Novice: 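Can you read through this structure? Questions will come right after.
Note that the structure is predicted; figures quoted are calculated from it, not measured.
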Amino acid sequence: MAEHTAVQSVDKAMTLLEILLARRAPMTLQELSAASGYPKSTTHALLATMRTHAVIEQHSDGRYALGIRLFECGCAVSSAWDIGRLAHPHLEQLAAVSGASAFLALLEGCNAISFDQCISDSGLQVVPAIGGRMPLHATSQGKVLLSGRSDREVLRILEKGGMQAFTPHTITDPRRFVSDLAAVRQQGYAVEDGEYRIGLRSAAAPVYDSNGHMRYALGVAGLFRRVQSEDFQNAIGQLVHQARQLSIALGWRG
């Protein structure tokens with residue numbers, strides 16, 4: 001019963017948002033109540049709750065309008081569309097030149113989420129499926145995404161998410177992991193050397209937005225013989241170049 005009521009409340013809140021969106025002008029409590037068919041008390045309670053989340057704002061004359069949080073959500077969705085459109089050519093180029101699979105990831109909670117990918121001509125699936133979650137401490141994309149955070153925040157995230165040992169090479173000491181991030185920040189990319197899967201090696205570099213904020217990690221992964229091999233080092237060079245070009249396409253000025 002509680003679950004049914006909660007769903008009904010969400011549905012009613014969405015109805016109020018749709019009414020305001022269609023009107024494209026502030027409305028009074030009476031107008032919203034009449035348009036939705038909800039009692040005034042119900043309408044007022046819904047609006048009050050939505051105000052606390054900034055999806056609704058109330059003007060000085062008492063009328064209600066769509067809030068700034070909706071604008072922020074819209075910008076986030078628009079940005080996601082842009083990055084998908086802009087990133088894929090870079091993923092294709094990176095995969096073609098390196099002969100390995102390329103991927104794009106973002107930070108979500110205690111995981112790196114795969115946002116887009118391009119499988120190499122070998123057809124070997126060594127990158128996570130789009131939408132797949134990867135551990136931050138055992139992957140190159142996770143290391144890069146965490147390198148944009150303060151050491152204190154990194155430790156907090158690692159404590160919350162845990163540091164499972166996937167292979168004998170997985171770093172499970174948070175202090176050592178944080179110390180290693182200094183090198184990632186300095187060189188501009190991160191490497192995963194069999195820490196998530198034996199035999200798999202990957203590298204990732206940061207992608208910045210127009211405000212200079214690190215938003216994504218562009219990466220390449222494959223069954224490279226070793227980190228020091230010429231093919232892996234060449235892949236890193238191509239990776240850093242493509243990550244920079246994608247950042248520029250997003251408005252980053254360097």
Side-chain angles (χ1 to χ4, degrees), residues 1-88 104-116 130-134 136 141-142 145-146 148-150 152-154 156-157 159-161 206-217 246-247 249-252:
M1 180 66 180
E3 181 180 354
H4 182 61
T5 302
V7 172
Q8 284 185 329
S9 296
V10 172
D11 184 66
K12 289 177 178 178
M14 293 304 298
T15 297
L16 293 177
L17 291 177
E18 292 289 348
I19 291 170
L20 283 167
L21 181 61
R23 178 69 66 90
R24 295 186 178 273
M27 298 175 68
T28 65
L29 175 61
Q30 176 65 42
E31 290 172 332
L32 284 165
S33 177
S36 64
Y38 306 148
K40 271 180 148 183
S41 58
T42 299
T43 305
H44 183 268
L46 290 167
L47 292 169
T49 301
M50 289 190 285
R51 279 184 63 196
T52 64
H53 295 280
V55 295
I56 289 290
E57 63 180 29
Q58 188 174 21
H59 293 179
S60 58
D61 61 4
R63 294 184 301 165
Y64 295 89
L66 299 176
I68 189 65
R69 185 62 178 164
L70 294 177
F71 173 75
E72 295 173 345
C73 291
C75 288
V77 172
S78 177
S79 174
W81 288 339
D82 285 345
I83 185 64
R85 174 178 58 83
L86 292 171
H88 206 72
L104 186 71
L106 53 82
L107 179 65
E108 215 297 307
C110 297
N111 298 103
I113 306 296
S114 179
F115 191 83
D116 199 0
I130 295 175
R133 292 176 174 267
M134 299 289 282
L136 295 173
Q141 58 266 49
L145 292 167
L146 286 178
R149 305 300 179 96
S150 68
R152 178 178 295 182
E153 188 172 5
V154 170
R156 181 185 62 78
I157 293 172
E159 181 179 4
K160 183 177 180 181
V207 175
Y208 299 94
D209 64 15
S210 59
N211 296 315
H213 298 145
M214 184 196 300
R215 295 289 302 278
Y216 309 97
L246 178 54
S247 297
L250 289 172
W252 179 64

Novice: So among Gln58, Glu57, Glu31, which one has a side chain to side chain donor-acceptor pair (under 3.5 Å) with Tyr64?
Specialist: Gln58

Novice: Please determine if Arg156 and Glu153 form a salt bridge, counting it only when a charged side-chain N lies under 4.0 Å from a carboxylate O.
Specialist: yes

Novice: Taking all non-hydrogen atoms of both residues into account, name the closest pair between Leu145 and Tyr216 and its distance.
Specialist: CD2-C, 3.9 Å

Novice: Could you give the distance from CG (Asn111) to CD1 (Ile157), rounded to the nearest 0.5 Å?
Specialist: 10.5 Å

Novice: From Leu104 CG over to Arg215 CZ, what is the distance, rounded to the nearest 0.5 angstrom?
Specialist: 11.0 Å

Novice: Is there side-chain contact between Ile56 and Leu16, with at least one heavy-atom pair below 4.5 Å?
Specialist: no

Novice: Which pair of heavy atoms, one from Trp252 and one from Gly212, lies closest together, and at what distance?
Specialist: CD1-CA, 4.0 Å

Novice: Between atom CE of Met14 and atom CD1 of Ile19, what is the distance when rounded to the nearest 0.5 Å?
Specialist: 11.5 Å

Novice: Search all heavy atoms of Ser36 against all heavy atoms of Thr43 and return the closest pair with its distance.
Specialist: OG-OG1, 4.1 Å

Novice: Would you compute the distance between atom OG1 of Thr28 and atom NE2 of His59 and round it to the nearest 0.5 angstrom?
Specialist: 13.0 Å

Novice: Rounded to the nearest 0.5 Å, what separates atom CG in Leu66 from atom CE in Met50?
Specialist: 9.5 Å

Novice: If you take all heavy atoms of Asp61 and Arg63, which pair is closest and at what distance?
Specialist: OD2-NE, 2.7 Å

Novice: Less than 4.5 Å apart, side chain to side chain, heavy atoms only: is that true for Leu17 and Leu70?
Specialist: yes

Novice: Locate the shortest heavy-atom distance separating Pro206 from Ser247; write the atom from each residue and the value.
Specialist: O-OG, 4.1 Å

Novice: Does some side-chain heavy atom of Val154 sit less than 4.5 Å from a side-chain heavy atom of Leu136?
Specialist: no

Novice: Looking only at heavy atoms, which two atoms of Ile130 and Phe115 are closest? And how far apart?
Specialist: CG2-O, 3.5 Å

Novice: To the closest 0.5 Å, what do you measure between OG1 (Thr52) and CZ (Arg69)?
Specialist: 12.0 Å

Novice: Going by the side chain to side chain contact (heavy atoms under 4.5 Å, CB included) test, name the single residue among Thr49, Leu29, Leu32 that passes it with His44.
Specialist: Leu29

